[in-house]
K.L.:
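Below you will find the structure I want to go over with you.
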Amino acid sequence: MHKIIGLALLGLAPLSGAALAAGAMPAMAPASGVPGASPGSLAELKQRLSNKSVRELRTSYSGEYGTTLLMADNAPVFYVALLNQKSLWRVLRFDNLALAERSYAQLSQRSADWAGEEIRLQVLNAQSQALERSKLESEARLAALNTDMQIMQSEQARIQQGRQAAQSQARASEIERRAYQIQLDQLQRNIRQLESQLSGVHGPAN
């Protein structure tokens, strides 16, 4: 049973003639030995797709680009259609299968070339996004480390100030202790001197 192509099957939503005339897709000269699109080929194929009077022979996709080779059911007429995002944008009409096959092969390669450029762009965009995420993560990590460093330095300064204050207090206490010791030693000497004097005054007379 022949595989019938319909708009719903391929998801085809042909671009308007105005969009095609405006160059919605890359400009393309006819391949060597391949005739250009016949006037009305796009409308003719759209009509056949609508009537389901055309069958798919070959179809290939490269990224968002596609190339399909179709044959009319009721005549030896062949169509090579180019697609972008499953939308028709150019149709070539042939009365010879060999020419249609050659056109299909050449245009499939061009579609692959165009897709290669878009795939490379998508890869570069993905790499840029990954680098941006890494940059943001690194910036956040750096900010967190800076915060940790500030906290550590603040605590270190507070501890150092506490140690210096304790050292100052210890030195002051040592000076005070020594002063008390000197005073105590002097008092004890005075006491012993007075005790000695008192002991001599009240001793037995000779």
Side-chain angles (χ1 to χ4, degrees), residues 1-140:
M1 179 177 180
H2 294 303
K3 185 178 179 182
I4 304 300
I5 291 186
L7 288 173
L9 179 61
L10 284 181
L12 302 179
L15 300 177
S16 66
L20 291 171
M25 296 293 296
M28 180 182 66
S32 176
V34 177
S38 302
S41 296
L42 179 61
E44 180 178 315
L45 179 57
K46 286 170 58 179
Q47 183 63 42
R48 286 189 177 277
L49 287 168
S50 178
N51 295 338
K52 297 183 179 180
S53 60
V54 66
R55 72 189 71 182
E56 177 185 10
L57 301 181
R58 300 181 189 276
T59 296
S60 63
Y61 278 99
S62 298
E64 294 184 349
Y65 294 92
T67 309
T68 184
L69 173 61
L70 308 106
M71 175 182 175
D73 279 342
N74 55 3
V77 175
F78 306 91
Y79 303 91
V80 177
L82 291 173
L83 310 113
N84 178 253
Q85 297 180 347
K86 296 187 178 180
S87 295
L88 288 171
W89 69 278
R90 179 164 182 162
V91 176
L92 302 179
R93 184 181 187 279
F94 300 89
D95 296 325
N96 182 284
L97 177 59
L99 287 178
E101 289 271 17
R102 187 191 309 171
S103 174
Y104 172 81
Q106 293 174 345
L107 296 182
S108 293
Q109 182 58 52
R110 292 195 184 183
S111 294
D113 293 341
W114 292 334
E117 295 172 359
E118 288 198 354
I119 290 171
R120 181 172 178 272
L121 176 59
Q122 292 172 3
V123 170
L124 291 174
N125 287 340
Q127 291 174 340
S128 296
Q129 292 174 5
L131 290 173
E132 183 180 6
R133 286 194 301 271
S134 296
K135 173 178 172 291
L136 293 175
E137 291 172 357
S138 296
E139 288 175 346

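Below, each value reflects all heavy atoms present in this structure, side chains not excepted, and no hydrogens, waters or symmetry copies.
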K.L.:
With sequence neighbours excluded, what pairs up with Ser62 under the side-chain hydrogen bond (donor to acceptor under 3.5 Å, both in side chains) test?
P.N.:
none
K.L.:
Report the residues that fulfil side-chain hydrogen bond (donor to acceptor under 3.5 Å, both in side chains) with Tyr79, sequence neighbours left out, ordered by chain and then residue number.
P.N.:
Glu44, Arg48
K.L.:
Nearest heavy-atom pair of Ser60 and Ser108: which atoms, and what distance?
P.N.:
OG-OG, 3.3 Å
K.L.:
Could you list the residues that satisfy salt bridge (Lys or Arg N to Asp or Glu O under 4.0 Å) with Glu137, not counting sequence neighbours?
P.N.:
none
K.L.:
Is it the case that the side chain of Thr68 and the backbone of Arg58 share a donor-acceptor pair, with hydrogens and angles ignored and the cut-off at 3.5 Å?
P.N.:
yes
K.L.:
For residues 117-131, run the donor-acceptor check on the side chains, cut-off 3.5 Å, and write out each pair with its distance to 0.1 Å, sequence neighbours left out.
P.N.:
residue	atom	partner	partner atom	Å
Glu118	OE2	Tyr65	OH	3.0
Asn125	ND2	Leu121	O	3.3
Ser128	OG	Leu124	O	3.0

K.L.:
What pair of heavy atoms forms the shortest contact from Leu69 to Ala100, and how long is it?
P.N.:
CD1-CB, 3.8 Å
K.L.:
Any idea which heavy atoms bring Phe78 and Leu57 closest together, and the distance?
P.N.:
CD2-CD1, 4.2 Å
K.L.:
If the condition is salt bridge (Lys or Arg N to Asp or Glu O under 4.0 Å), which residues does Asp95 pass it with, not counting sequence neighbours?
P.N.:
Arg93
K.L.:
By side-chain hydrogen bond (donor to acceptor under 3.5 Å, both in side chains), which residues pair with Asn96, not counting sequence neighbours?
P.N.:
none
K.L.:
Determine yes or no for a side-chain-to-main-chain donor-acceptor pair under 3.5 angstrom, with Ser50 supplying the side chain and Lys46 the backbone.
P.N.:
no
K.L.:
Could you pull out the closest heavy-atom pair between Tyr61 and Leu83, with the gap in Å?
P.N.:
OH-CD1, 4.3 Å
K.L.:
Of the non-hydrogen atoms in Thr67 and Leu107, which two are nearest, and what is the gap between them?
P.N.:
OG1-O, 3.5 Å
